[in-house]
Q: 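Handing you this structure, nothing more for now.
Residue numbers count from 1 along this sequence. Hydrogens, waters and symmetry mates play no part in the numbers below; they use all other heavy atoms, side chains included.
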Amino acid sequence: MSRYVDTLPAPTNPKEKKVIVLSFGRNGTLGLYYALQKLGYNPCHMRTVFLGGAHELKLLREAARGGTYSGEKPFSKEDLQKWLGDYDAITDITPFILEEAVAAWPDAKFILTTRDEDAWYRSIENTILPMSRKTKSPFFRLLGMFNSFLYEMGGMTDTLGGFIWKDRAIDNKEAAIMTYRAHNEKARSLVPKDRMIEIKLEDGLGWEQICPFLEKEIPNEPYPRANNAAEFKELTTSIIGPSVRMAMLNMATTVVAPCVAVGAWYYLRYIRK
């Protein structure tokens, strides 16, 4: 099967990854993304994937389907660099390329943030789950026929949903928590202890936890707090909204306008006369 990544040129000077966050989203990963930026890194996050448009959504979907998820060809380091070559850190996309990322950049510093499993799933229910339901709706899939970003987003959420919930319904709490637990255990087994720090959110996540491990001075400003349910909704709406409006415009000009024109012709030709 041909892969989109195989059609892309190799980057001229890809960056090695200095920091890799191993955690699933909803574990303080957006705050970590902002914190890493303030410390001078250029991190990839699901937010940057969305902002990268259909191109990056397609690469994330393809990478997640490699090896770990569906048995398709895993991404090599060269494949990953075609996608992630501009970044020197990775955050919440790592679970979908866990083995590949650890093998590609074994000398990185690894951060695993965790939290109470029920608290994690409650956060999923308030953020990712409603978005997943929307992207599975027939109307969203119809809009995807008129906009490449929405089309790829539908495919990406199907793939990532299959990764988290396996073959169960997307609101199956037990299946999601089993995936979450297995992922954290696997991350601990893959990364040497001297290259990883594990931080439980209930114990606090801030500069004091990450800066000594990263060998960075503590900034003279508050640690960034982000990504409650309201912020998540605002973020996704601001990114998806323009594509929805464009898709509706494309649908109107491609389908509705010709139908109106045909209807007007039929009326003038056969009914009015």
Side-chain angles (χ1 to χ4, degrees), residues 15-52 56 60 63-64 80 83-84 86-98 100-102 104-117 119-124 126-128 131 160 164 180 183-184 186-188 190-191 193-236 239:
K15 296 179 180 178
E16 291 297 304
K17 307 303 171 263
K18 299 176 181 177
V19 182
I20 296 178
V21 177
L22 300 162
S23 320
F24 265 116
R26 316 312 304 164
N27 280 285
T29 50
L30 185 58
L32 265 174
Y33 164 72
Y34 291 133
L36 290 172
Q37 284 184 320
K38 290 181 182 294
L39 293 175
Y41 298 100
N42 180 30
C44 181
H45 180 272
M46 194 67 75
R47 181 178 188 275
T48 62
V49 172
F50 282 143
L51 292 173
E56 290 221 18
L60 173 57
L80 290 171
W83 172 25
L84 303 169
D86 291 337
Y87 303 103
D88 62 2
I90 312 173
T91 58
D92 63 346
I93 64 166
T94 309
F96 309 109
I97 52 170
L98 177 62
E100 296 91 331
V102 173
W105 299 289
D107 295 329
K109 291 180 180 288
F110 296 88
I111 300 173
L112 176 64
T113 55
T114 61
R115 67 192 300 187
D116 174 79
E117 293 172 346
W120 174 75
Y121 193 76
R122 283 195 299 273
S123 185
I124 291 287
N126 291 327
T127 53
I128 295 173
M131 185 183 73
L160 301 195
I164 296 171
Y180 178 71
H183 165 77
N184 290 338
K186 190 169 190 176
R188 295 182 189 108
L190 287 175
V191 179
K193 290 184 178 181
D194 63 342
R195 301 215 62 82
M196 183 179 81
I197 183 173
E198 182 171 348
I199 303 168
K200 192 171 179 62
L201 294 192
E202 288 82 357
D203 295 335
L205 171 61
W207 298 127
E208 293 77 10
Q209 285 74 36
I210 67 170
C211 286
F213 175 69
L214 298 177
E215 300 179 273
K216 296 282 189 177
E217 292 186 6
I218 294 178
N220 188 26
E221 59 181 287
Y223 183 85
R225 304 295 173 187
N227 216 8
N228 60 33
E231 288 173 323
F232 181 91
K233 183 177 180 180
E234 180 181 353
L235 176 64
T236 54
I239 294 173

Q: So which atom in K15 and which in K17 form the shortest heavy-atom distance, rounded to 0.1 Å?
A: O-NZ, 2.5 Å
Q: Heavy atoms only: give me the nearest L160-A64 pair and the separation to one decimal.
A: CD2-CB, 3.8 Å
Q: Report yes or no: does N42 contribute a side-chain atom to a donor-acceptor pair with the main-chain N or O of D88 at less than 3.5 Å?
A: no
Q: By side-chain contact (heavy atoms from CB on, under 4.5 Å), which residues pair with R188, not counting sequence neighbours?
A: L112, T114, N184, E185, M196, E198
Q: Using a 6.0 Å cut-off, check whether atom CG of N220 has over 12 heavy atoms from anything other than its own residue.
A: no
Q: Got a second to check how far K109's NZ is from R195's CZ, nearest 0.5 Å?
A: 6.0 Å
Q: How close do A35 and P224 get, counting heavy atoms only, and between which atoms?
A: N-CG, 3.6 Å
Q: Between the side chain of R115 and the main-chain N/O of G28, is any donor-acceptor distance below 3.5 Å?
A: no
Q: Take L39 and I210, measure what side chain to side chain contact (heavy atoms under 4.5 Å, CB included) needs, and give me the verdict at the end.
A: CA-CA 10 Å; L39 293 175; I210 67 170; 4.1 Å; yes
Q: Do Y180 and I124 have side-chain heavy atoms sitting under 4.5 Å apart?
A: no
Q: For Y33 and Q37, which I'm curious about, is there any donor-acceptor pair between the side chains at under 3.5 Å?
A: yes
Q: So, does K216 use its side chain to make a donor-acceptor pair with the main chain of G40 at under 3.5 Å?
A: no
Q: Where do S123 and R26 come nearest, in terms of heavy atoms and distance?
A: OG-NE, 2.7 Å
Q: Ignoring hydrogens and angles, tell me if any N or O in the side chain of W207 forms a donor-acceptor pair with the backbone of E221 under 3.5 Å.
A: yes
Q: Within this structure, what is the OH-CG distance for the pair Y223 and L32, rounded to the nearest 0.5 Å?
A: 3.5 Å
Q: Measure the shortest side-chain to side-chain distance between M46 and L60 over non-hydrogen atoms and say whether it is less than 4.5 angstrom.
A: yes
Q: With a 3.5 Å distance limit and no angle check, can you tell me whether K193 reaches the backbone of V191 through a side-chain donor-acceptor pair?
A: no
Q: CD1 of I97 to CH2 of W83: how many Å apart, nearest 0.5 Å?
A: 5.0 Å
Q: Does the T48 side chain pair with the main chain of C44, one donor and one acceptor, at a distance under 3.5 Å?
A: no
Q: What residue among L190, V102, I197 forms side chain to side chain contact (heavy atoms under 4.5 Å, CB included) with F110?
A: V102
Q: Taking side chain as C-beta onward, heavy atoms only, is L84 less than 4.5 Å from I93?
A: yes
Q: By side-chain contact (heavy atoms from CB on, under 4.5 Å), which residues pair with I239, not counting sequence neighbours?
A: F50, L51, F149, L235
Q: Quick one: pull up OG1 in T29 and CD1 in I111 and give me the separation to the nearest 0.5 Å.
A: 11.5 Å
Q: Quick check against the 3.5 Å criterion: does T113 have a side-chain atom that pairs as donor or acceptor with the backbone of N27?
A: yes
Q: Is the count of non-hydrogen atoms from other residues, nucleotides or ligands lying under 6.0 Å from K38 atom NZ greater than 12?
A: no
Q: Checking T94 side chain against V21 main chain: does a donor-acceptor pair fall under 3.5 Å?
A: yes
Q: Rounded to the nearest 0.5 Å, what separates atom CG in L22 from atom CD1 in I90?
A: 9.5 Å
Q: Quick check for you: to the nearest 0.5 Å, what is the distance between F96 atom CZ and L98 atom CG?
A: 11.0 Å
Q: Could you name each residue pair satisfying salt bridge (charged side-chain N to carboxylate O under 4.0 Å, His left out) that touches residues 43-52, not counting sequence neighbours?
A: none
Q: Check whether more than 12 heavy atoms from other residues, nucleotides or ligands sit under 6.0 Å from atom CG of D116, and answer yes or no.
A: yes
